[in-house]
Amino acid sequence: MPELAEVEYFRRQWSPGLGEKIERVLVHEGARVYRGTDVPGLVRGLTGSVLRESFCHGKQMIFASPAGWLGVHLGMTGELRVEAPDFTPARHDHLVLVQKERALVFADFRLFGRLRFDPGAEAPAWWRELPPALLSAEFTPAVIDAWLARRARSPLKAVLLDQEAFPGVGNWMADEILWRLCLHPATPAGSLTPALRQALRKETRFVARTAMETVGVKWGDLPETWLYLHRWDAGSLCPRPACRTPLVRETVAGRTTCWCPACQPGEATGSKPVRTGHRREKPVKE
């Protein structure tokens, strides 16, 4: 599933169409991505309107227009792209905003994403009520402390994946943060010392900021010194030069998890090892 930086990258793909009139709106009205949405209202509202600006918050994005707000969640396989204005939608192209010089396309072949439209001048409640963004001033140590206390018995991997506390963090980001902290993924959230809680916030923001600056802007690759580029390689080693211990892959909190048993010691999870070949969540676009 796209994470914070990948969502930011896809949001930027529609930037060439901001401020340009939408001449036609093409939809697959019965598609699951429109669950709970007034599709005829979406078509009426956006036809003849313009997308003025867009914002990204965790795994959510929103596009503002004079008619209302277009919300986009990519799910596991959703994407935004730009095509020629005479583009003909294929089976998985569920929303096409046709402009004079381009077509803005939302595609999702597994239909886990979501499109919604909220008319009105004020941003919808679902957007206003999102938790503090990781890189915002509102993502404070107090927020971290309160959430770790609330989920004290939960493994840290599960807590980091909770979008109510860490919006935008997904599987690879959670593994990266824990590896940088030298914490086992199954460590109980309530066991962290005050110093480790501060370090958790610092590393979360560092990983998020670096990912936004590389993947989010230009779909670039993260540094070779990070766990990310090694986590799916069978037989890969910890990227720390002084370690080089074979990495472990098991299911923790219901998700495939990679860690270094030397840098991140802890009790075994009892799950079966995950055997994989080379796998990347998304290939890097040149």
Side-chain angles (χ1 to χ4, degrees), residues 1-6 76 134 141 144-145 147-163 165-166 168-211 214-215 221-284:
M1 179 179 291
E3 304 182 28
L4 181 144
E6 290 92 343
M76 293 184 68
L134 301 182
I144 298 286
D145 292 348
W147 202 258
L148 293 179
R150 179 177 175 181
R151 299 283 304 275
R153 296 184 179 181
S154 300
L156 272 174
K157 177 65 181 276
V159 175
L160 284 171
L161 293 176
D162 193 328
Q163 297 305 293
F166 294 87
V169 172
N171 207 25
W172 81 257
M173 286 183 70
D175 284 357
E176 189 72 42
I177 292 164
L178 292 171
W179 176 77
R180 297 181 67 86
L181 290 168
C182 294
L183 290 173
H184 191 280
T187 302
S191 67
L192 269 60
T193 64
L196 279 175
R197 293 198 296 270
Q198 289 184 353
L200 175 62
R201 177 177 179 271
K202 177 182 177 181
E203 294 298 346
T204 298
R205 288 165 65 89
F206 173 78
V207 170
R209 182 178 298 107
T210 305
T214 52
V215 178
D221 239 340
L222 294 164
E224 285 281 348
T225 54
W226 283 34
L227 179 69
Y228 175 78
L229 294 181
H230 309 273
R231 64 191 298 271
W232 288 118
D233 292 339
S236 57
L237 307 179
C238 175
R240 286 191 173 94
C243 182
R244 309 302 290 167
T245 299
L247 297 172
V248 173
R249 295 169 187 81
E250 290 184 3
T251 300
V252 179
R255 300 294 299 275
T256 300
T257 303
C258 178
W259 74 93
C260 172
C263 297
Q264 301 166 263
E267 295 184 2
T269 64
S271 302
K272 294 182 179 180
V274 177
R275 302 183 184 279
T276 64
H278 182 70
R279 175 180 169 187
R280 293 289 302 279
E281 281 85 346
K282 280 283 187 178
V284 173

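Excluded from the calculations below are hydrogen atoms, water molecules and symmetry mates; all remaining heavy atoms, backbone and side chain alike, are included. Treat the numbers as computed from the prediction; the structure is a model and nothing was measured.
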Would you confirm whether [X], through its side chain, and [Y], through its main-chain N or O, come within 3.5 Å as a donor-acceptor pair?
| X | Y | value |
| --- | --- | --- |
| E3 | M173 | yes |
| Q264 | L183 | yes |
| E250 | C258 | no |
| D175 | L227 | no |
| R197 | L192 | yes |
| S191 | P188 | yes |
| T225 | P223 | no |

What pair of heavy atoms forms the shortest contact from [X] to [Y], and how long is it?
| X | Y | answer |
| --- | --- | --- |
| T245 | A262 | OG1-CB, 3.4 Å |
| R255 | N171 | NH2-CB, 3.2 Å |
| A211 | L222 | CA-CD2, 4.1 Å |

Please determine if R240 forms a cation-pi arrangement with W179, meaning its NZ or CZ atom is less than 6.0 Å from the six-membered ring centre and no more than 45° off the ring axis.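 Flagged: R240 positioned over aromatic ring of W179.
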
Verify whether one side chain among S236 and R249 offers a donor that lies under 3.5 Å from an acceptor in the other.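 Present: a donor and an acceptor within the cut-off.
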
Spatial distance of atom [atom1] ([X]) from atom [atom2] ([Y]) [nearest 0.5 Å]:
| X | Y | atom1 | atom2 | answer |
| --- | --- | --- | --- | --- |
| C182 | L196 | SG | CG | 10.0 Å |
| R209 | T214 | CZ | OG1 | 12.5 Å |
| L134 | R201 | CG | CZ | 10.5 Å |
| L247 | C260 | CG | SG | 6.0 Å |
| F166 | I177 | CZ | CD1 | 7.5 Å |
| W259 | E176 | CH2 | CD | 15.5 Å |

How far apart are the C-alpha atoms of L237 and H230, what are their side-chain angles, what is the distance that settles it, and do they pass the side-chain contact (heavy atoms from CB on, under 4.5 Å) test? CA-CA 7 Å; L237 307 179; H230 309 273; over 6 Å; no

Could you please spell out the steps behind the side-chain contact (heavy atoms from CB on, under 4.5 Å) verdict for L200 and L148? CA-CA 11 Å; L200 175 62; L148 293 179; 4.1 Å; yes

Stepwise side-chain contact (heavy atoms from CB on, under 4.5 Å) check, K157 with L178: CA-CA 8 Å; K157 177 65 181 276; L178 292 171; 4.3 Å; yes

Tell me if the CZ atom of R150 is crowded by more than 12 foreign heavy atoms within 6.0 Å.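 No, the 6.0 Å shell around CZ holds no more than 12 heavy atoms from other groups.
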
Any chance you could lay out the side-chain contact (heavy atoms from CB on, under 4.5 Å) test for K202 and V207, step after step, and finish with the verdict? CA-CA 9 Å; K202 177 182 177 181; V207 170; over 6 Å; no

Any non-hydrogen side-chain atom of W172 less than 4.5 Å from a side-chain atom of L229?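 A side-chain contact is absent here, since even the closest heavy-atom pair is not under 4.5 Å.
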
Would a 4.5 Å heavy-atom cut-off, applied to side chains only, mark P185 and P155 as touching?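 When only atoms from C-beta onward are counted, P155 and P185 do not touch, as no gap falls below 4.5 Å.
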
